[in-house]
Amino acid sequence: MNYSEISLFREGLRGHVGWPRAWRDARPKPSYDAVIIGGGGHGLATAYYLAKNHGVSNVAVLEKGWIGGGNVGRNTTIIRSNYMLAPNTLFYEHAMKLWEGLERELNFNVMVSQRGVLNLYHSDAQRDAFARRGNAMRLSGVDAELLDADDVRRLVPMLDFENARFPIEGGLFQPRGGTVRHDAVAWGYARAADALGVDIIQNCEATAFRIEGGAVVGVETTSGFISAEKIGIAVAGHTSELARKADLRLPIESHVLQAFVTEGVKPILDTVVTFGAGHFYISQSDKGGLVFGGDLDGYNSYAQRGGFPMMHHVMSGGMAIMPRLGRLRLLRHWGGIMDMTMDGSPIICKTKVDGLYLNGGWCYGGFKATPASGWCFAHTIANDASHDLNAAFTIDRFRTGALLDEKGVGPNPWIQ
Amino acid sequence: MGNNDFITPLSHLGLREGEGVAGGDGLHLWDRGRVGFFQILARKGRTGAVATALGFDEAPRLASHGVYGTAFATTPGEWVLVCNDDEASETLRTVSGALVGSGYVSDQSFGRAAFRLSGVKARLVLAKGCALDWSPSVRGAGACAQTSMAGIGVIIHQIDDAPTYDLYCYAGFADSFWRWLICAGEEFGVDGRRLTKEWKRD
Amino acid sequence: MHQIPCPWCGVRDETEFQYQGDATVRRPAAEASEEAYANYVYFRENPKGVHIEYWRHTGGCRRLLVVERDTVSHDIKAVRFAHIPGGGEDA
Amino acid sequence: MKTTAYRLSSGGAVDRSRPLSFQFDGAAYQGFAGDTLASALLANGVRLFGRSFKYHRPRGVMALGSAEPNALVELRAGAQREPNIQATMAELYDGLVARSQNRFPSLRYDLMAANQLAARFFVAGFYYKTFMWPSAFWEPVYEKLIRRAAGLGRAADAGDPDRYDHMHAHPDVLVVGGGPSGLAAARAASRVGARTMLVDENPNLGGALRFERTAIDGAPGDMWTDQITSEIADCGNGEILRRTTALGRYDHNVVLALERVSDHLPTPEKGRPRQRLWIIRPKQIVVASGAEERPIAFADNDKPGVMLSSAVRGFVNRYAVAPGRRVAIVTVNDDGYLTARDLKAAGVDVTLIADARGRTSVVSAELEAAGAPVLRNALPEQALGGIEVSGLRLQNAAGDRLADHPCDVIAVAGGYNPRIQLLSQSGAAPVWREDLLSFVPPETDDATQVAGACRGVYDLKACIEDGVAAGAEAARRAGFTDAADAPRPEPRPVAAAKLFEAPKPIGRSRGKAFVDFQNDVTADDVRLAVREGYEAVEHLKRYTTLGMATDQGKLSSVNGLAVLAEARGKPIAEVGTTRFRPPYAPAAIGAFAGYERGETFQPVRRTAMHRSHEQACATFVEAGQWLRPRYYARAGEDMTAAIRREAAAVRNTLGVCDVSTLGKIDVYGPDAMEFLNRLYINNWAKLPVGKARYGVMLREDGHIFDDGTTSRLSDDHCFLTCTTANAARVLAHMEYAAEVLFPDYDVTFCSATEQWCGVAIAGPNSRNALGKLFDGFDVSDAALPFMGVAETELFGVKARVFRISFSGELAYEINVPWGAGEMLWRRLMEAGAEFDITPYGTEALSVLRIEKGHIAGPEIDGRTTAADVGLGRMMAKKDFIGKTLAARPGLTAADRPALVGVRPVSAEDRLRGGAHFVKDPDRFEQESLGWVSSVADSPNVGSWIGLGFLKGGAARLGERIYAAYPLKAEMTEVEICAPCFVDPEGERLRG
């Protein structure tokens, strides 16, 4: 059923008994044209664009648990395209453009809210580094503004300009950045893909690949064997584990990234703000809770929970620039598992196994990338070749040295 | 040395050597001024030789007291040797001599601040920033540890059961560490307003 | 919060340590190929389960430790010095 | 009279001799010491506390403690305003000021209540289905409205003025919960010598006992509690923390607990924190957190006046407050009867006990015999009334409507939920016990014991036995082997009716049956979610927001799961639960931050000459944690003028700069030089004693890691320097190399950064000044040539003099021990006076090095190679870290941007760092050919100059292109030149 004011009104009058399932509770068929492993944002988006852009609708999405249970449901909901290195800038900008039309595209309100993303800088050197990034964005046609301290005061009056250990000198602002209702992204893509004929199969885990003569012919699952000549892996967080079943060793480590949310309060913060002298970024959700995060806990982990050290560091960062947060109370904190690549940029490419495609290594960028990731991965699977937008996101770059190291910290994902 | 031109890490607070602050229940915190502080490094495979030459204990976590002063085995093959300021240059000379062929000494006497914290409430002050367990059943007089407090690397040495603790940190951190100690002591009556000073950015 | 038993300093908070990653990789010989070095520097087993990894005790003895730790439960199975074959104490 | 309208004349634990005044929504009231804000307001006949989140329905008190979903208020004001505080947890103090939330203009007449009219459309997830047209309306219109309506209370107006701190603790046994089980456990553990810490979130110990009339061994509960408490406190190794909530249990058994040190006072006492975060590392944990009574979902079960049975009883027993005049009780077990008994004893009318069960029990029979008005097989259908409860509508098991029953309180006994949060935060799933009609904790690890109601043991005597056994077991496992081994009582099946949601009202009814009160989630919302396929328990939570309010579903989760299970036709055990996340109860961000906030967010590092710089009116800049002089403005000078003056002084006569922050490392051992050979890309083996050399280090991936000069002081002693920013990383890098990569070298090293402080003196007169500074020290070019090093004495202090230059001028660096820093500075000022010696800061330093094309932070950004910065030829044949991967095609490609110099074509144009090189002056959208990394307003060149990275690099010298800075809409024509603007032959520094 189409979602609209009209249908909502009609259902309201008759007690909402007429709403159908958002997506069918599909059982696996023995064979598909393409199978996507991973019912997260990226996997579901990939299935949707395979059907929508490439006419490949005999597709199954296999999810070992419930869809959207991974990082799409555990992040801090931020979207932005403020990257410096061209391949990243263009890719994330493509994502941004897809976000901007997503409600209509999916007939599902994922609440794309472009209230701006502000990265604070605290020294001239940092300003110049941000300017290099901001100018790179502008040269690529992406919006960016360089703000001085007074601009920042006007934009976010609650910041502490007096007692800060690292005084705020200004910020790099992307007005089109913002937040999205994260769970809804998974649900929206699932519903739209389902409507195009995609089978979304929950509680079905891929256990092994069947590979013959260097080409994949299907996947063993907890619901039996499913044959398919094109299989896409989109299980960020667990990519190494699944890829190993196809004898792939990757430049990836799994790390925990924590997220935090406070009790709901009346609006005090409109934009997304990131601290430049510590690890802290924050926004306020439409429900009133302040959603914030920091950096990795800093050790390999597959546990979806965080520890006190990073928690302390993040809260201190918050209190360093927003002392008004002091009496607000933390409601929940949790962890998500990040695929950290050795240069901080993602992987969307073919593998050494014909018909097996890899989408992973999203580091911190996974959620904001979701639409473009699905869009490019679908293109790569449908055409057995990368799109220009993901041509640089190969595994091979680590051998050739064509790296995409936004942070410049080298092959040490845990360095913060 | 003892040259009046020398400063200590807290000179800027107008703090005279040995001056400090007091709180309730005999809580006392003061700056010991400069001490002799040497890092002793054994050459590969010569740890035993160095220990014998200087009469050091090789075991960690307990201070050993020898002719040259108090030594902490800070890591395999390395010690920190602490002595009084007036013995420092003599110690450096003799220790360097004793180490020829087996190890090296790096004089760090000016690179450290030395504070002393004493009184029954001293444990509580430490507990606000030190993650180690200093209760008597676990650590007593003679215990020493290298750890970090308030983001500052410190060496802690319990010298008696008052308890009294010697705290060593890098000279550059002294002002921040002192501030932290004063703040942690305020709940127990320490009033350090005169002896802390807002650092200036400009 | 991880409690890591340092062979020298005793049990300490994770905050005193600096994580240094996979301890199973070995630097190839000087004359080895770019491929060999790339595998050494970038490619990881990244196991879900016991991981053998380096932690440097920067807040204490500064020594590099080899820690066997479960990446799901975070339980620590074993700790030894990295600088001594066998990991015992120096002599 | 008003102030005691509902206060009973006797009984309770409030201190009637200590009246306290307080305000709620501007009206003045009086309560007593020992009251909570909730009990005090109820005593004053106030029953309407707040409005609900979505529908703005009137809400009152439902529970007693930290599970309260409805009675949330704003406490205090201004910078200390605290939103969403549970009135049931707020201890009354004299002068307390509270305000209701989420209503306009007033609590009783809330216009937003109009939402209820549209309620039929505002079902779970309605916003996913609408607000899409026109899309341009989302942020400015729809979302604005949603955001304004969101939240409950208001955050503080200004920065939190209060103090928070942390405290570390290491008990052998930590007991969570000070009820009968917890107290018994703590006593059992502490009496055998285990260091025992007991934490309880309330101001008084005793747990549920505080609210009961039950006697233990003939004595009132409070007396027993005091007895045990003093035994724990007096045994010498027990510590009790009141008002302390265990928030979470983390890896390796670390527990975080929040102590509300001062929240019960108007303001914290001097030097005391508002709250303290305890970081507890126990050997063993005993969780005795008790259980929470749960409500029942029935129409309008959220009206003020509908309360939990245990709460009604508790208000009467502990606070001597009658929640109403006519109390009707709805129960599925015996708990309702206990409430009836205690109310009767207190003289409060119980007009009905509606028992969902058909059969009698011992307790019910007893009370019935005593004349209690019991109705069997009676189920609640709807709470009647306007803003508050005025009656109860019932039906019987057969579904027939019974006569409406007038009452002003409905006490609901729906069974008990063990407080298992702490035990399932780690991810372990709790277990549903059909015989207990509740979830019990998952299997625990061997460092954890669970005792009492928390594991479904509800009988008081059994709870105490269980506590004793658990405490002893914990002590034994902690190494106190003489702790006695006692049997653990098993939970006894509950004699209760299975009722989570009452039958729907007969006929048409607008009544809503709430499952999650604070988030306005109804049983119908749950069914709608299932209908739409959001049937996985996590989907349900996320789609309806069930259990996501500030109470974290303490009252709602089980009922929600029950409705879900029913709708899916599965047993509760199969639908599972969502994972509990810490903290157990909301906790202030300030408490987690503790001391590290504001200007004490990070420690500050001061150089030995800091005071000298202050006296010279330096403006400081953060360099990592260091404070370094940025420039020294003289009277009437702005920053630009000061920098130009300082930079010019160095070229023209003499400048002095504090370089103490450079990383310094003493490297010892016969293999020291070989070791350096592996770290640096250039050759070191032949560096003679008394000489310094510049070196570059790479990461193993082939990119530049750091650079600096290192000197050979003796055969087996080198003195290495590295950049301020990388000092710690370089030391760790060297340690890794020595321990893992090249373990056979006989080398050892340690940081000497803070032992030595240093200055650079630079300029044509630096040698003259040096000569005056050191009497009897040969400073001639022959004795101390370029890159020469000398160890000497300065006024009786060891000093090291290095003839090295970052500025390109004749220059020296002088190191003396930290303590001599101010003296060195002072003597230099004297010695240099005749040459007009000029202190210069990091800005002038940067100008000078850019004039010479020396790389620094902006050029070493972690992505550049030695070849990129023009040092490719330094790379020697030998093996060094980074050699192999530096040769990869990606790092040697011809089109990689390489270091160049850049200057504006017209001398008055300025350059900016972060600008990009482009071809076309007329477009701000085009390909970037590279970027400007560093710029300087050079007094010595007479224009802006810069360094940058340009594709093609050196091959493009003399070309004119453009520096684009779209962020300021600037396009500057620039000329590419060699990255050296002053004295390219380097005659000055060798002079």
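Chain letters run A, B, ... following the sequence lines, proteins first, then strands; residues in each count from 1.
Counting heavy-atom pairs closer than 4.5 Å to chain D, the top residue among R399(A), E103(A), M158(A), R104(A) is R104(A). Ranked by heavy-atom pairs under 4.5 Å with chain A, the list R527(D), Q425(D), E538(D) is led by E538(D). Chain D forms more heavy-atom pairs under 4.5 Å with one residue of R138(A), Q284(A), R127(A) than with any other, namely R138(A). Chosen from G101(A), S123(A), G69(A), P267(A), the residue pairing most often with chain D at heavy-atom distances under 4.5 Å is P267(A). Per-residue counts of heavy-atom pairs under 4.5 Å with chain D were compared for I321(A), L146(A), L139(A), L172(A); the largest is that of L139(A). The greatest number of non-hydrogen atom pairs below 4.5 Å with chain D, out of I268(A), V110(A), N107(A), is found for N107(A). Interface remark: of the candidates S928(D), G862(D), P889(D), P583(D), P583(D) forms the most heavy-atom pairs closer than 4.5 Å to chain A. Options A402(A), A303(A), G141(A) differ in how many heavy-atom pairs under 4.5 Å they form with chain D, and the most are formed by G141(A). Among the candidates I146(D), V123(D), L891(D), the residue making the largest number of heavy-atom pairs closer than 4.5 Å to chain A is V123(D).
Taking 4.0 Å as the cut-off between side-chain N and carboxylate O, E535(D) and R21(A) count as a salt-bridged pair. Salt bridge absent: E11(A) and K129(D) never bring a charged side-chain N and a carboxylate O closer than 4.0 Å.
Across all non-hydrogen atoms, the minimal contact from M319(A) to A593(D) is CG-CB, 3.5 Å. The shortest heavy-atom contact between L152(D) and K266(A) is O-CE, 3.4 Å.
Looking at heavy atoms from C-beta onward, E143(D) lies out of side-chain contact with Q114(A) at the 4.5 angstrom threshold. Within the 4.5 Å cutoff, the side chain of P411(A) has heavy atoms near those of the R699(D) side chain. I279(D) has its side chain within reach of F308(A): a pair of non-hydrogen atoms, C-beta onward, lies under 4.5 Å apart. When side chains are defined from C-beta on, H16(A) does not count as touching D524(D), because their heavy atoms never get closer than 4.5 Å. Annotation: side chain of D124(A) is in contact with side chain of E843(D) (closest heavy-atom distance under 4.5 Å). Put simply, the side chain of H539(D) reaches to within 4.5 Å of the side chain of I67(A), judged on heavy atoms. The shortest side-chain heavy-atom distance between L403(A) and R888(D) falls under the 4.5 Å cut-off. At least one side-chain heavy atom of M84(A) sits less than 4.5 Å from a side-chain heavy atom of R863(D).
Only the side chain of N519(D) comes within contact range of chain A, with heavy atoms under 4.5 Å apart. Both the backbone and the side chain of A155(D) come within contact range of chain A, each with at least one heavy atom under 4.5 Å from a heavy atom of that chain. Interface residue T262(A): only side-chain heavy atoms are found under 4.5 Å from chain D. With a 4.5 Å cut-off on non-hydrogen atoms, H166(D) touches chain A through its side chain but not through its backbone. Looking at A79(D), only its backbone comes within 4.5 Å of chain A, counting heavy atoms on both sides. Heavy-atom distances place no part of P858(D) under 4.5 Å from chain A, backbone and side chain included. Residue V918(D) touches chain A through its side chain alone, counting heavy-atom pairs closer than 4.5 Å.
No donor-acceptor contact under 3.5 angstrom links the side chains of Y127(D) and R181(A), judged on distance only.
Residues meeting the ring-ring contact (aromatic ring centres under 6.0 Å, His included) test with F275(A), sequence neighbours left out: H122(A), F601(D).
Taking the six-membered ring where tryptophan is involved, the planes of Y250(D) and H333(A) are essentially parallel, since the angle between them stays under 30° and well short of 60°. Ring pair W23(A)/Y534(D) is perpendicular by interplanar angle, where above 60° counts as perpendicular and below 30° as parallel.
Applying side chain to side chain donor-acceptor pair (under 3.5 Å) to R327(A) and the options Q80(D), Q275(D), E82(D) leaves one that passes, E82(D).
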- Item | Steps toward salt bridge (charged side-chain N to carboxylate O under 4.0 Å, His left out) verdict (D160(A), R597(D)) | CA-CA 11 Å; D160(A) 181 0; R597(D) 59 179 279 191; over 6 Å; no

- How far apart are the C-alpha atoms of N84(D) and R329(A), what are their side-chain angles, what is the distance that settles it, and do they pass the side-chain contact (heavy atoms from CB on, under 4.5 Å) test? CA-CA 9 Å; N84(D) 312 333; R329(A) 296 173 305 161; 3.6 Å; yes

